[in-house]
Enquirer: 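Okay, here's the structure, questions in a sec.
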Amino acid sequence: MSNLSPPPVPYHATAQRPGWDALPAAVRAALSARLGAPVVEARVATAGFTRGFAAVLRTADGGDAFVKAAARAEQPHLVNWYAREAAILARLPAGLPVPGLRWTLWEAGWYALCLDPVDGHTPRLPWHPAELDATLAGYADVAAALSDPPAELADLGLPHLADLARDDILWWGEVAAGREPLPPLPAPAAGRLTELVALESRLPRYAAGATGLTHGDLRVDNVLIDPARRAWFCDWTWLCHGPAWFDLVGLLITGYASGLDVDARFAAHPVAADAPADAVDVTLAALAGYHLTAAASVPPTASTQLPAHQRWTGEQALSWLARRQGWTAPDGRS
């Protein structure tokens, strides 16, 4: 187990989103009409790192709905992401702990999607062991359902995790080639670039052999825990062809920072049954490279808290990897 390492950002309150009154009047009217009654309350979502509108809307007749919306002119990438998520949600297998899609609409240059609301909270860090175990159990069900995805979902032309590589070069490979600056590496990962390149370079080959789908962005703020302590999985924009153990490692990075025995939890999880022996190390190396290089070039359309999240996540991934690899710093510290 690791020492506790609290995140520098509150994952339940990282978002910077517009309020209901900031939406154009035509968009508010269209949403109210589609909901069947005027909106009388909007509880803006506080988690996440995009600046798109996202809120639970309550109507005058007492109904609730979760709505995301973005303007094509100002946030075309969000419009594309929301439309992709809507297409995925419409085709996911029934019965999964996933917010259901109700409808989508275009109005006045804005795209919106409406989902069933989930009565739940973002897990706080450090993880409560029971909440993490509930999340891992829920993810086992999701992964099992996506291991042999329905044809209509697979036919969406979803990306492949293996395609992240360019000639088998991922993020540390770009650093080694001089195309990305070397980010600061915490001890004892400092001076380990060669090892990091070698580890992450195995990911495309492993991912290419996967036959199922994986969430693609499984992290603590994409999980909600309901009053029955059941985990719900949100934000399905990045569903891709790849091994489910990749997402499991990504989720467990926050478990590592919470001082929990994440190696045991990974080994006991159903998706790890067919994982390569070095799956955790390969994934940690790749995720550390992604987060630490991305932290230096955050788009202005993202939350200002995104760089801190990415640096911390990358550093925690390296810390876990260093412990597993037995790396020591030049002064002998592990």
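Keep in mind that the numbers below use all heavy atoms, side chains included, and drop hydrogens, waters and symmetry copies. All figures in this text were calculated on a predicted structure; none of them were measured in a lab. Sequence positions, counted from 1, serve as the residue numbers for this chain.
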Enquirer: Say you draw a straight line from CD of E41 to CH2 of W20; how long is it, rounded to the nearest 0.5 Å?
Expert: 12.5 Å
Enquirer: Side chain of S303, backbone of T14: donor and acceptor closer than 3.5 Å?
Expert: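 Looks like yes, one N/O pair under 3.5 Å.
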Enquirer: Are the side chains of D155 and E152 in contact, using a 4.5 Å heavy-atom criterion?
Expert: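 No, their side chains stay 4.5 Å or more apart.
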Enquirer: Hey, does K68 have a side-chain heavy atom less than 4.5 Å from the side chain of F53?
Expert: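 Not touching, per the 4.5 Å side-chain cut-off.
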Enquirer: Are the side chain of T122 and the backbone N or O of H12 linked by a donor-acceptor pair below 3.5 Å?
Expert: no
Enquirer: Sub-3.5 Å donor-acceptor pair from the side chain of S319 to the main-chain atoms of E315, do we have one?
Expert: no
Enquirer: Do the non-hydrogen side-chain atoms of V282 and F246 ever get within less than 4.5 Å of each other?
Expert: no
Enquirer: Please determine whether side-chain contact (heavy atoms from CB on, under 4.5 Å) holds for the pair L31 and E107, giving the CA-CA distance in whole Å, both sets of side-chain angles, and the decisive distance to 0.1 Å.
Expert: CA-CA 9 Å; L31 290 173; E107 180 65 36; over 6 Å; no
Enquirer: Look at the side chain of S32 and the backbone N and O of A29, then say whether any donor-acceptor pair between them is shorter than 3.5 Å.
Expert: no
Enquirer: Distance-only, no hydrogens or angles: does the H269 side chain make a donor-acceptor pair with backbone N or O of L136 under 3.5 Å?
Expert: yes
Enquirer: If two hydrophobic side chains count as joined below 4.5 Å and joins carry through other members, does V175 share a cluster with L284?
Expert: yes
Enquirer: Is there a continuous path of hydrophobic side-chain contacts, each under 4.5 Å between heavy atoms, that joins V79 to L23?
Expert: no
Enquirer: How close do A65 and C114 get, heavy atom to heavy atom, and via which atoms?
Expert: CB-SG, 3.6 Å
Enquirer: Would W110 end up clustered with L113 when hydrophobic side chains under 4.5 Å apart are linked, directly or stepwise?
Expert: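 Cluster IDs for W110 and L113 differ.
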Enquirer: Looking at side-chain heavy atoms only, is the closest gap between L125 and V220 below 4.5 Å?
Expert: yes
Enquirer: Which heavy-atom pair separates A257 from W312 by the least distance, and what is that distance?
Expert: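 Nearest pair, atom of A257 first, then W312: CB-CZ2, 3.4 Å.
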Enquirer: Which atom pair, heavy atoms only, marks the closest approach of A154 to P149?
Expert: CB-CG, 4.5 Å
Enquirer: Can you see which heavy atom on A60 is nearest to which on A37, and at what distance?
Expert: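 Reported closest heavy-atom pair: N-CB, 4.1 Å.
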Enquirer: Indicate the atoms forming the closest heavy-atom contact of L161 with C240, along with that distance.
Expert: CB-SG, 4.2 Å
Enquirer: Run the numbers on T50 and L78 for side-chain contact (heavy atoms from CB on, under 4.5 Å), then give the verdict.
Expert: CA-CA 8 Å; T50 67; L78 276 186; 3.9 Å; yes
Enquirer: For residues 221-228, dump all side-chain donor-acceptor pairs below 3.5 Å to protein atoms at least two apart in sequence or in another chain.
Expert:
unit_1: D221; atom_1: OD1; unit_2: R219; atom_2: NE; d: 2.7
unit_1: D221; atom_1: OD2; unit_2: R219; atom_2: NE; d: 3.1
unit_1: D221; atom_1: OD2; unit_2: R219; atom_2: NH2; d: 3.1
unit_1: N222; atom_1: ND2; unit_2: D217; atom_2: O; d: 2.8
unit_1: N222; atom_1: ND2; unit_2: D217; atom_2: OD2; d: 3.4
unit_1: D226; atom_1: OD1; unit_2: A228; atom_2: N; d: 2.9
unit_1: D226; atom_1: OD1; unit_2: R229; atom_2: N; d: 3.1
unit_1: D226; atom_1: OD1; unit_2: R230; atom_2: N; d: 2.8
unit_1: D226; atom_1: OD2; unit_2: W232; atom_2: NE1; d: 2.9

Enquirer: Between A42 and L57, which heavy-atom pair has the shortest distance, and what is it?
Expert: CB-CD2, 3.6 Å
Enquirer: I need the L260 CG to R265 CZ distance, nearest 0.5 Å.
Expert: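 Going from CG on L260 over to CZ on R265, the span is 5.0 Å.
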Enquirer: Which is it for Y139 and T214 under the side-chain contact (heavy atoms from CB on, under 4.5 Å) test, yes or no, and what are the steps along the way?
Expert: CA-CA 10 Å; Y139 183 59; T214 193; 3.2 Å; yes
Enquirer: We want to know whether T283 and W245 form a side-chain donor-acceptor pair, criterion being a heavy-atom distance below 3.5 angstrom.
Expert: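 No, no side-chain donor-acceptor contact under 3.5 Å.
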Enquirer: Starting from the C-alpha separation in whole Å, work towards a yes-or-no answer on ring pair (Phe, Tyr, Trp, His ring centres under 6.0 Å) for W236 and H215.
Expert: CA-CA 6 Å; W236 284 83; H215 180 278; 4.6 Å; yes
Enquirer: Say whether T304 and Q16, considering side chains only, have a donor N or O and an acceptor N or O under 3.5 Å apart.
Expert: yes
Enquirer: With heavy-atom distances below 4.5 Å as the criterion, would you say the side chains of L321 and L196 are in contact?
Expert: yes
Enquirer: Could you check whether atom CZ of F66 has more than 12 heavy atoms from other residues, nucleotides or ligands sitting under 6.0 Å from it?
Expert: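 Atom CZ in F66 is crowded, with more than 12 foreign heavy atoms closer than 6.0 Å.
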Enquirer: For H309 and Y11, what are the C-alpha separation, side-chain angles and deciding distance, and is it a side chain to side chain donor-acceptor pair (under 3.5 Å)?
Expert: CA-CA 9 Å; H309 152 71; Y11 281 101; 2.7 Å; yes
Enquirer: Given side chains that start at C-beta, do those of L185 and R192 come closer than 4.5 Å, heavy atoms only?
Expert: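 Counting from C-beta outward, L185 and R192 never come under 4.5 Å.
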Enquirer: Going by distance alone, is a donor N or O of one side chain under 3.5 Å from an acceptor N or O of the other, for T301 and Q75?
Expert: no
Enquirer: Is any side-chain heavy atom of W81 closer than 4.5 Å to one of W238?
Expert: yes
Enquirer: Does the side-chain contact (heavy atoms from CB on, under 4.5 Å) test come out yes or no for V39 and R58, once each step is laid out?
Expert: CA-CA 6 Å; V39 172; R58 171 155 292 181; over 6 Å; no
Enquirer: Within a reach of under 6.0 Å around CG of N80, are more than 12 heavy atoms found that belong to other residues, nucleotides or ligands?
Expert: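 Count over threshold, so yes.
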Enquirer: Do L182 and L318 belong together in a cluster built from hydrophobic side chains that touch within less than 4.5 Å?
Expert: yes
Enquirer: Using the rule given for side chain to side chain donor-acceptor pair (under 3.5 Å), can you reason through Q316 versus S5, listing the C-alpha separation, both sets of side-chain angles and the distance that settles it, and then say yes or no?
Expert: CA-CA 8 Å; Q316 292 305 305; S5 179; 2.8 Å; yes
Enquirer: Could you walk me through whether R124 and E131 satisfy the salt bridge (Lys or Arg N to Asp or Glu O under 4.0 Å) test, starting with their C-alpha distance in whole Å, then the side-chain angles of each, then the deciding distance to 0.1 Å, before giving a yes or no?
Expert: CA-CA 9 Å; R124 305 295 195 266; E131 289 191 349; over 6 Å; no
Enquirer: Quick one: pull up NE2 in H128 and OG1 in T135 and give me the separation to the nearest 0.5 Å.
Expert: 12.0 Å
Enquirer: E180 side chain to W171 main-chain N or O, any donor-acceptor pair under 3.5 Å?
Expert: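 Between the backbone of W171 and the side chain of E180 there is no qualifying donor-acceptor contact (under 3.5 Å).
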Enquirer: First locate atom CZ of R324, then atom CG of D281, and finally report the distance between them rounded to the nearest 0.5 Å.
Expert: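 The distance works out to 4.0 Å.
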Enquirer: From L199 CG over to L170 CG, what is the distance, rounded to the nearest 0.5 angstrom?
Expert: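 With rounding to 0.5 Å, CG (L199) is 11.5 Å from CG (L170).
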Enquirer: Side-chain heavy atoms nearer than 4.5 Å, only ILVMFWY residues, links allowed to pass through others: does that put V197 and L203 together?
Expert: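 Yes, because V197 and L203 connect within a single hydrophobic cluster, where side-chain heavy atoms sit under 4.5 Å apart.
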Enquirer: Show me the donor-acceptor pairs within less than 3.5 Å that the side chains of residues 87-106 make with the rest of the protein, sequence neighbours left out.
Expert:
unit_1: R91; atom_1: NH1; unit_2: A87; atom_2: O; d: 2.8
unit_1: R102; atom_1: NE; unit_2: D116; atom_2: OD1; d: 2.6
unit_1: R102; atom_1: NH1; unit_2: D64; atom_2: O; d: 3.0
unit_1: R102; atom_1: NH2; unit_2: D64; atom_2: O; d: 3.4
unit_1: R102; atom_1: NH2; unit_2: D116; atom_2: OD1; d: 3.4

Enquirer: Let me confirm one number: the CZ-CG distance from F233 to L218, rounded to the nearest 0.5 Å.
Expert: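 So the gap between those two atoms works out to 6.0 Å.
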Enquirer: Do Y256 and D261 touch side chain to side chain, with heavy atoms closer than 4.5 Å?
Expert: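 Answer no - side chains too far apart.
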